[in-house]
Amino acid sequence: MPVSTAITLQDTLSGEIRRLAPLEPDQVRIYSCGPTVYGPVHVGNFRSFLFVDLLVRYLRYRGLRVKWVMNVTDVDDKIIRGAAAAGVPIEELTERWTNRFLEDAEALGMTRPDVLPRATEHIPQIVALIETLIERGHAYRTDEGSIFFRISSWPAYGKLARLDPANLRVGERVEADEYAKDDVRDFALWKGAKPGEPSWSTSIGEGRPGWHIECSAMSMAHLGPSFDIHTGGVDLIFPHHEDEIAQSEAATGQPFVQTWLHCAHLQMDGRKMAKSAGNIARVAELLERGVSARALRYALISVHYRMALAFSDESLAAAGSAIERLDTLLAALSAYRQDVVDEATPGGAIEAARRAFEEALDDDLNISAALAGVFDLVRELNRRIDARALSTADARAALDALLDLDRVLGVMTPPAPSEELPDDVAGLLERRAAARAARDWEASDRLRDELAKLGIAVEDTRDGQRWRRSPEAIRA
RNA sequence: GGCGACGUGGUGAAGUGGCUUAACACGGAGGUCUGCAAAACCUCUAUUCAGCGGUUCGAAUCCGCUCGUCGCCUCCA
């Protein structure tokens, strides 16, 4: 029997908000539609990946085991065109952009998925799935060797997207004569080989997989015919996920996915961020401009996943300031020394924050409310630091608690131990402390400027001088 | 044309029937502390939740209509 967790999520298919009850106890299986590696992934794409990252981190924080699979689409029309245009082999193009994707993901603190399957490495599974669909009468072959899924054979088609198949506005931009189909709404499972295109010689003929089939084949290969959560951007609801459900359930006769999670679009200048619209921002370019990766991450995760999120220079700057507030507190807690008896009260504040944080995230990943809980604690701790109403041990416990919550958020910077400082910085800090002891303000200020140039911000407090790495510039 | 989501302060945004004359963050104004600076803290910054009607003892929260914005129906995270 599935064991129900405290975590609730809204399923796109049913529209219901339900408790997560993993099919296998203590093992949540998640599949996410990942990038098509024909070019750089933009930050809108990353929003949909980071919302899953947040989910995965939270499930693990809650003690659940998670298997997270994210596909990499490495064969499709755009890749073929892109490679041809660049005059390079397809593998070279996809390798380059897969690596770039992984670098960007790492910079953003995205948890590495447990499996990153590639379509080209799953041709046998794709072929087997298509064979089953043909056997069961859900797919048919055309004269030029392509194979299509017959939508009329699947009555539930359209349920996820809440679309009536009869009302689909088909054919507007479909190259109707590219592949002959019985019904224009039928979608390709397998595309017959064409000159100049990559193809595989298989039992179902010479050709390459269609787009939707790879996700069915790879999710089932790595997670089984039924699994817990499938994610993507709202733009994938139709046709991609609709088609996945049809072909998967038609082939296995089993329910494909327990819970569908879809992330709303990132908006820039009031419209969906999309390459075709030309309003995109890329991770590497933002970082080159001096945007902090953590600020970018914060900006992308700090709004509920089902709400459209406005992305702008202002949102990045606000995110940067919020993160600086967190880092400043961590540094202050780390430097804090006060010889008083441990108080029970900070423990209460910490526990209250943790409760608020968990209750919020349990509620369909209400990240805004969870962050409010964190910042309530931040204010309380700052108050106590000002009032010297913490013991050294209390400060240590508060620091640990914040870093523990950050296992989910991934936006804080743990204060670096002094021994990790380069010698020149450590020397400057020592000289400045000495100058201050001697009340030599001129030397003290000069040393502060020098440290600033090395990226170290120094502040003077009752605990002596306190340093932290300078906040990365939000804009160059 | 069909389907859906959303509309809360200067900005982002939580709250979906009474605890809220509305959390939290960013920004702004004033103050405290400080050699200076920075940080932090304190006070202020929406009698109001797109508009209009209705239901209710009571609504930002439920219902209806209107207006507006965005998305999907086509490659797309």
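Chain letters run A, B, ... following the sequence lines, proteins first and then strands; every chain starts at 1.
- A straight line from CZ of A:Arg466 to P of B:A39 spans 11 Å, rounded to a whole angstrom.
- Spacing between atom CD1 of A:Ile385 and atom P of B:C42 amounts to 13 Å, rounded to whole angstrom units.
- Annotation: A:Arg112, atom CZ; neighbour count of heavy atoms from other residues, nucleotides and ligands within 6.0 Å does not exceed 12.
- Using a 4.0 Å heavy-atom distance criterion, A:Arg436 is classed as a base contact.
- The side chain of A:Phe238 sits closest to B:C73 out of B:C42, B:C73, B:A77.
- A centroid separation of less than 6.0 Å is found between the aromatic rings of A:Phe46 and A:Phe101.
- In this model, no side-chain donor or acceptor of A:Arg81 finds a partner on the base of B:C75 within 3.5 Å.
- For the pair A:Cys215/A:Tyr31, a side-chain contact is recorded, criterion being any heavy-atom separation below 4.5 Å from C-beta on.
- Ion pairing between A:Asp404 and A:Arg354 holds under the 4.0 Å rule for side-chain N and carboxylate O.
- Nucleic acid contact for A:Asp235: base, since at least one base atom lies under 4.0 Å from a heavy atom of the residue.
- Nucleic acid contact for A:Asp76: none, since no nucleic acid atom lies under 4.0 Å from a heavy atom of the residue.
- A:Leu309 has its CG atom 21 Å from the P atom of B:U69, to the nearest Å.
- In the set B:C75, B:G35, B:A77, the nucleotide with an atom closest to the side chain of A:Ser48 is B:A77.
- Annotation: salt bridge (charged side-chain N to carboxylate O under 4.0 Å, His left out) contacts of A:Asp228 (sequence neighbours excluded): none.
- Across all strands, A:Ile237 comes closer than 4.0 Å to no nucleic acid atom at all (heavy-atom distances).
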Read 5' to 3' with Watson-Crick or G-U pairs under 3.5 Å, [ ] for crossing pairs and | for partners on another strand, RNA chain B gives ((((((((.[[[..)..(.....]]]((((((.......))))))....[[[[[..)....]]]]])))))))....
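- The ring of A:His212 has its center no closer than 6.0 angstrom to the ring center of A:His241.
- Heavy-atom nearest nucleotides on RNA chain B were determined for A:Ser276 and for A:Asp363, and the one closer to the 5' end corresponds to A:Asp363.
- When heavy atoms are screened at a 4.0 angstrom cut-off, A:Ala308 is found touching the sugar-phosphate backbone but no base atom.
- For B:A37, its base sits under 3.5 Å from the side chain of A:Arg448 at one donor and acceptor pair at least.
- Positionally, the nearest nucleotide of RNA chain B for A:Trp441 lies more toward the 5' end than for the other of A:Tyr38 and A:Trp441.
- Taking the six-membered ring for Trp and the full ring otherwise, the centers of A:His262 and A:His230 sit at least 6.0 Å from each other.
- Distance A:Asp445 CG to B:G35 C1': 8 Å, rounded to the nearest Å.
- By the side-chain hydrogen bond (donor to acceptor under 3.5 Å, both in side chains) test, A:Glu380 is found to be paired with A:Arg383, A:Arg384, residues two or more places apart in sequence or in another chain being considered.
- Salt bridge annotation for A:Lys453-A:Asp449: absent, with no cationic side-chain nitrogen under 4.0 angstrom from a carboxylate oxygen.
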Contacts under 3.5 Å, N or O only, protein and nucleotides 7-10 of chain B:
none

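- Taken residue by residue, residues 258-269 of chain A places heavy atoms nearer than 4.0 Å to RNA chain B at A:Ala264, A:His265, A:Leu266, A:Gln267.
- A:Gly44 comes within 4.0 angstrom of a base, heavy atoms only.
- Put simply, the side chain of A:Asp460 and the base of B:C36 share a donor and an acceptor less than 3.5 Å apart.
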When you compare the protein's N or O atoms with those of nucleotides 23-27 of chain B, which come within less than 3.5 Å of each other, and at what distance?
residue	atom	partner	partner atom	Å
B:C24	OP1	A:Arg379	NH2	3.0
B:C26	O3'	A:Ser321	OG	3.3
B:G27	OP1	A:Ser321	OG	3.3

